[in-house]
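Inspection log for the structure reproduced underneath, given as structure tokens.
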There are 2 protein chains.
Amino acid sequence: MASAGMTIGDAAARTQCTPATIRYYEEIGLLRPVGRGANGRRAYGHPEIHRLRFIRRCRDLNFPIDDIRSLLDVMDARAPSCLSARDLTLQHLETVRARRIELEALERTLKTMAATCTDACVARPASQCALIVDLAT
Amino acid sequence: MASAGMTIGDAAARTQCTPATIRYYEEIGLLRPVGRGANGRRAYGHPEIHRLRFIRRCRDLNFPIDDIRSLLDVMDARAPSCLSARDLTLQHLETVRARRIELEALERTLKTMAATCTDACVARPASQCALIVDLAT
DNA sequence: GCTTGCTCCTCAAGCTACTTGAGGAGCTAC
DNA sequence: GTAGCTCCTCAAGTAGCTTGAGGAGCAAGC
């Protein structure tokens with residue numbers, strides 16, 4: 001029961017996924033359809049848990065599903081070498097870096113903008129607030 | 001033609017939106033339905049361009065559509081004061097900041113991970129690559 | 001043996017903010 | 001007149017799930 005015939009709920013608890021997410025991963029083919037008990041319920045074992053943890057970790061790292069398919073291929077040794085995994089990681093890193101830089105700029109802009117809405121605004125119509133005027137630029 | 005009866009294409013060019021996006025904004029009610037010419041085509045004027053620029057700027061700043069509705073209420077002076085706009089901006093700033101910090105952590109993790117896949121990996125099966133093992137953790 | 005409450009099942013739709021495509025028509029220039 | 005652009009509407013697709021409906025099993029307590 002600890003491993004051979006875990007329910008989807010047990011598997012979810014061990015992998016920080018929800019049951020719905022696990023079914024979804026099965027549906028899109030990240031997880032092969034698992035065996036069913038006599039009652040028609042899915043039964044999970046160690047290999048599935050391992051695979052789910054891998055997927056979950058990748059998602060936590062923000063890898064898109066398609067990247068995860070490729071990373072799983074490496075884990076399953078279906079890929080010729082692990083270089084593809086490193087390449088994917090580096091590409092993904094670049095995406096994250098670019099987005100981080102965008103957000104930094106955004107943060108500065110928003111900070112500046114928020115500061116332009118001051119007590120002076122209260123005396124004037126809302127539509128003349130410097131913040132609103134700025135947004136219309 | 002310069003202002004009174006701009007086509008959707010003209011409006012798009014002046015606001016960095018696409019025609020499809022403008023139609024979408026109309027559909028979801030950010031933009032009131034605009035007048036049509038005899039041929040059934042939408043005709044845009046200055047107020048619509050102004051509004052579109054406002055919306056576009058907000059989207060560039062990553063404000064969600066629902067926030068933009070509220071910000072438009074302020075611009076239209078339908079809101080009691082501009083304080084709601086400042087609050088929205090500060091809340092959004094906090095969201096951006098939180099996400100930026102997440103991405104920084106992600107960046108560090110990915111950088112470290114990528115570095116673990118080295119020349120040594122080539123000699124071993126791909127599934128034993130330190131990067132892959134790390135992902136399975 | 002029955003009820004209560006949890007979990008499980010499937011299938012469909014909803015979320016965000018658009019984009020893409022099909023199918024059809026008008027407008028402009030040569 | 002015709003080629004090539006833009007415009008129209010409506011429907012579906014994108015990413016990665018989540019939520020809900022409708023129905024059934026299972027385990028514990030009475």
Side-chain angles (χ1 to χ4, degrees), chain A residues 1 5-31 33-44 48 51-52 54-72 88 91-92 95-96 99 102 106, chain B residues 1 5-31 33-44 48 51-52 54-72 88 91-92 95-96 99 102 106:
Chain A
M1 215 151 293
M6 266 180 283
T7 66
I8 199 170
D10 292 339
R14 281 165 198 249
T15 59
Q16 322 273 49
C17 297
T18 67
T21 302
I22 297 179
R23 286 187 205 107
Y24 171 71
Y25 288 155
E26 183 185 308
E27 189 190 327
I28 63 171
L30 281 192
L31 222 53
V34 79
R36 305 283 183 123
N39 47 20
R41 299 186 175 191
R42 292 169 179 84
Y44 294 86
E48 287 81 19
R51 198 176 184 81
L52 271 171
F54 183 94
I55 296 169
R56 177 71 211 189
R57 182 88 206 286
C58 292
R59 287 299 301 134
D60 285 345
L61 293 171
N62 243 337
F63 276 104
I65 297 280
D66 272 354
D67 283 9
I68 301 181
R69 283 183 211 281
S70 307
L71 292 170
L72 283 168
L88 269 180
Q91 272 172 40
H92 181 48
T95 306
V96 169
R99 184 65 184 149
E102 273 180 29
L106 216 53
Chain B
M1 217 153 294
M6 265 179 286
T7 65
I8 199 170
D10 294 338
R14 282 165 197 248
T15 60
Q16 323 271 51
C17 297
T18 68
T21 303
I22 297 179
R23 287 187 205 106
Y24 171 70
Y25 287 155
E26 182 185 308
E27 188 191 326
I28 63 169
L30 281 192
L31 222 53
V34 79
R36 305 283 184 123
N39 47 18
R41 298 185 176 193
R42 293 171 179 83
Y44 295 86
E48 287 81 19
R51 197 176 184 81
L52 270 171
F54 183 94
I55 295 169
R56 179 71 211 187
R57 180 89 207 287
C58 291
R59 288 297 301 133
D60 284 346
L61 293 171
N62 242 337
F63 276 104
I65 297 281
D66 271 354
D67 282 9
I68 301 182
R69 283 183 211 282
S70 306
L71 293 170
L72 283 168
L88 268 181
Q91 274 171 39
H92 181 47
T95 305
V96 170
R99 184 67 184 148
E102 273 180 29
L106 216 53

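In the text below, chain A, chain B and the rest are named by the order of the sequence lines, each starting its count at 1.
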So, OP1 or OP2 of D/dT6: does either fall under 4.0 Å of a side-chain N or O from B/Arg41?
no
Name the closest nucleotide to the A/Tyr24 side chain, picking from D/dC17, C/dT7, C/dA25.
D/dC17
With respect to the phosphate group of D/dG16, does any side-chain polar atom (N or O) of A/Arg56 fall under 4.0 Å of OP1 or OP2?
no
Round to the nearest Å and state the distance from A/Asp67 atom CG to D/dA15 atom C1'.
13 Å
Under 4.0 Å, heavy atoms only, any strand: does A/Ile28 hit a base, just the sugar-phosphate, or nothing?
nothing
Answer yes or no: is there a donor N or O on one side and an acceptor on the other, between the side chain of B/Arg51 and the main chain of B/Leu30, under 3.5 Å?
yes
Atom CG of A/Asp66 and atom P of D/dT14 are separated, to the nearest Å, by 11 Å
Starting at the 5' end of DNA chain D, which residue's closest nucleotide do you reach first, B/Gly9 or A/Asn39?
B/Gly9
Determine the contact category for A/Arg59: base if any of its heavy atoms lies under 4.0 Å from a base atom, sugar-phosphate if only primed atoms, P, OP1 or OP2 are that close, otherwise nothing.
sugar-phosphate
Check the distance between D/dG16's P and A/Ile65's CD1 and give it to me in whole angstrom.
5 Å
Of the candidate nucleotides C/dC27, C/dC18, C/dC8, which contains the atom at the shortest distance from the side chain of B/Tyr25?
C/dC18
Would you mind telling me which of C/dA17, D/dG16, D/dT9 lies closest to the side-chain atoms of A/Pro64?
D/dG16
Does a nitrogen or oxygen in the side chain of B/Arg36 sit under 4.0 Å from OP1 or OP2 of D/dT9?
yes
Measure from NE2 on A/His92 to P on D/dA15 and round the result to the nearest Å.
15 Å
In whole angstroms, the gap separating P of C/dA12 from CD of A/Glu27 amounts to 11 Å
Please check the phosphate of D/dC7 (OP1 and OP2 only) for any side-chain N or O of B/Thr7 closer than 4.0 Å.
yes
Between A/Arg14 and A/Asp10, does a salt bridge (Lys or Arg N to Asp or Glu O under 4.0 Å) hold up when you go through it step by step?
CA-CA 6 Å; A/Arg14 281 165 198 249; A/Asp10 292 339; over 6 Å; no
Find the distance B/Asp10:CG to C/dC27:P and express it as a whole number of Å.
15 Å
Please tell me which of the listed nucleotides, C/dC18, D/dC26, D/dT9, lies nearest to the side chain of B/Arg42?
D/dT9
Taking atom C1' of C/dA17 as reference, at what distance in whole Å does atom CD1 of B/Ile55 sit?
13 Å
Less than 4.0 angstrom between a side-chain N/O of B/Thr21 and OP1 or OP2 of C/dT19, yes or no?
yes
B/Thr18 side chain near C/dC18 phosphate (N/O to OP1/OP2, under 4.0 Å)
no
